[in-house]
Amino acid sequence: TPSFVTLGEAMAMFVAKTPGQLADIEEFHRSLAGAEVNVAIGMARLGFEASYISKVGKDSFGQFIRQAISKENIRTDWISESTSHPTGFMLKSNVTDGSDPKVEYFRKNSAASTLSTTDIDENLFKTDTHLHLTGISIAVSSTMREATKHALNLAKEQGCSVSFDTNLRPTLWPDQATMVATINEFAFASDIVLPGIEEGKILAGSDQPEVIADFYLQHGVKTVIVKLGSKGAYFKTSKGESGTVAGFPVTKVVDTVGAGDSFAVGVISALLEGKTMEQSARRGNLLGSLTVQVRGDSEGLPTRAILNQLEKES
Ligand code: CKP
Ligand code: MG
């Protein structure tokens, strides 16, 4: 089976135990966050050899992240430690109406923000490897952006496939124009691009999934899948395949954060297994629907046995 590599910032995440303004919350549940690590967790649970390139501080959050990752059978060899910068963390509100929770970051000058090109081991990029990147790592700091670029170049030189989740985080960028230009530059250099419909509006200037897809296809991307939330996903490829796959019914949306990452796990794992576009988009939707039903970002991601069971039933 192909191996999987990703790069990003993992954080400790404190999820409010009760609804209300974050300023008023006294009790939080500690869990793990970080879009790329969420995807690595999902891939590892499905049996892919997953490697995660990151940096943590010499502190308890750093220790927690390392432990959480090794528990998931993700290789921690490429997680370095900063002795001068702390591990980042974030807060997430508790919503009861299915709306997007509020998040607040404490990650400026974090240990991960000091990750740089020298932290990228070129031996990680072998032919049978898939690299997954997101718009978050390239927003965190200029050194992390350069490291991401380096990983992307190495992957392309070695003929690895590359996926890119646009993941817009406006609060991490100096301004919208820089965000759009930088994210699109990385997206254009990737094989598979996974924007949400709202992100597509900002990045491609249209609310039509097909126009968003064409925008990336015209710039050399091979596969675009636009996430439509509860409505499922629209895909289009450079070979001319296209279609819309309906979302999975969800009884109660608990917390939408992490759904995009779970969608990425579904799509990437299925494509690496040689499934069709339609099957891959379906698996993306299935995994996204599991994640919106739990409060954590990665707790809903299935093991291979559970996925097999769910795919048989659906
Ligand atoms: O787009 P998603 O809701 O799937 O992404 C969620 C993750 O990395 C979450 O874990 C959070 O820590 C973050 O995105 C972020 O940095 O915002
Ligand atoms: Mg996302």
Side-chain angles (χ1 to χ4, degrees), residues 6-16 21-23 33-39 54 88-95 97-110 112-115 132-149 152 163-190 193-209 211-213 215-216 219 221 224-229 253 255-264 288 291-292 297:
T6 189
L7 171 161
E9 174 167 32
M11 289 168 286
M13 174 168 72
F14 293 87
V15 187
Q21 299 285 320
L22 283 170
E36 306 79 13
V37 78
N38 294 338
V39 179
S54 194
F89 67 96
M90 61 182 275
L91 309 179
K92 184 165 82 169
S93 73
N94 180 308
V95 291
D97 59 358
S99 62
D100 292 341
K102 288 244 166 354
V103 300
E104 200 169 316
Y105 297 134
F106 298 80
R107 66 195 298 183
K108 208 174 163 50
N109 295 316
S110 66
S113 76
T114 69
L115 189 95
H132 178 69
L133 300 172
T134 88
I136 301 172
S137 330
I138 61 175
V140 164
S141 69
S142 57
T143 61
M144 201 156 186
R145 183 159 54 250
E146 284 153 20
T148 306
K149 184 91 194 219
L152 174 65
S163 50
F164 186 81
D165 182 337
T166 48
N167 265 345
L168 299 189
R169 298 294 182 270
T171 59
L172 299 181
W173 290 96
D175 56 76
Q176 172 147 328
T178 310
M179 172 175 82
V180 169
T182 315
I183 298 233
N184 280 338
E185 177 199 326
F186 278 80
F188 295 162
S190 305
V193 178
L194 305 164
I197 182 80
E198 295 302 325
E199 296 177 329
K201 274 186 206 167
I202 296 167
L203 295 167
S206 169
D207 57 5
Q208 300 301 308
V211 177
I212 298 168
F215 173 72
Y216 288 106
H219 283 91
V221 172
V224 184
I225 311 188
V226 182
K227 293 168 273 186
L228 308 174
V253 175
D255 179 320
T256 54
V257 181
D261 306 330
S262 298
F263 183 88
T291 290
V292 301
D297 294 2

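Bear in mind the structure is a predicted one, so any value in this text is a computation, not a measurement.
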Looking only at non-hydrogen atoms, find the nearest pair between Val37 and Ala10 and report the distance.
CG1-CB, 4.1 Å
Nearest heavy-atom contact between Thr182 and Thr178 is OG1-O, 2.6 Å
Would a 4.5 Å heavy-atom cut-off, applied to side chains only, mark Ile138 and Lys149 as touching?
no
Testing the basics here: between Glu36 and Ser137, what is the closest heavy-atom pair and its distance to 0.1 Å?
OE2-OG, 3.1 Å
Pairing residues for Lys227 by the side chain to side chain contact (heavy atoms under 4.5 Å, CB included) criterion, not counting sequence neighbours:
Asp165, Leu194, Phe263
Pick one: which of Ser141, Ser110, Ser54, Ser113 meets side-chain hydrogen bond (donor to acceptor under 3.5 Å, both in side chains) with Glu9?
Ser110
Should the pair Phe89 and Phe14 be assigned to parallel (<30°), tilted (30 to 60°) or perpendicular (>60°) ring geometry?
perpendicular
Minimal heavy-atom distance between Pro195 and Thr166, with the atoms involved, is CA-OG1, 3.2 Å
Kindly compute the distance separating CD1 (Ile212) from OH (Tyr216), expressed to the nearest 0.5 Å.
8.0 Å
Does Asp207 have any side-chain hydrogen bond (donor to acceptor under 3.5 Å, both in side chains) partners at least two apart in sequence or in another chain, and if so, which?
none
How close do Leu152 and Phe186 get, heavy atom to heavy atom, and via which atoms?
CD2-CD2, 4.0 Å
4.5 Å side-chain heavy-atom contact, Leu91 and Phe106
yes
Taking only residues two or more places apart in sequence or in another chain, which ones pass side chain to side chain contact (heavy atoms under 4.5 Å, CB included) with Asp255?
Lys92, Pro101, Val257, Arg295
Do you know the tightest heavy-atom contact between Met179 and Ile202?
CE-CG2, 4.2 Å
Any heavy-atom pair between the side chains of Trp173 and Leu168 that's under 4.5 Å?
no
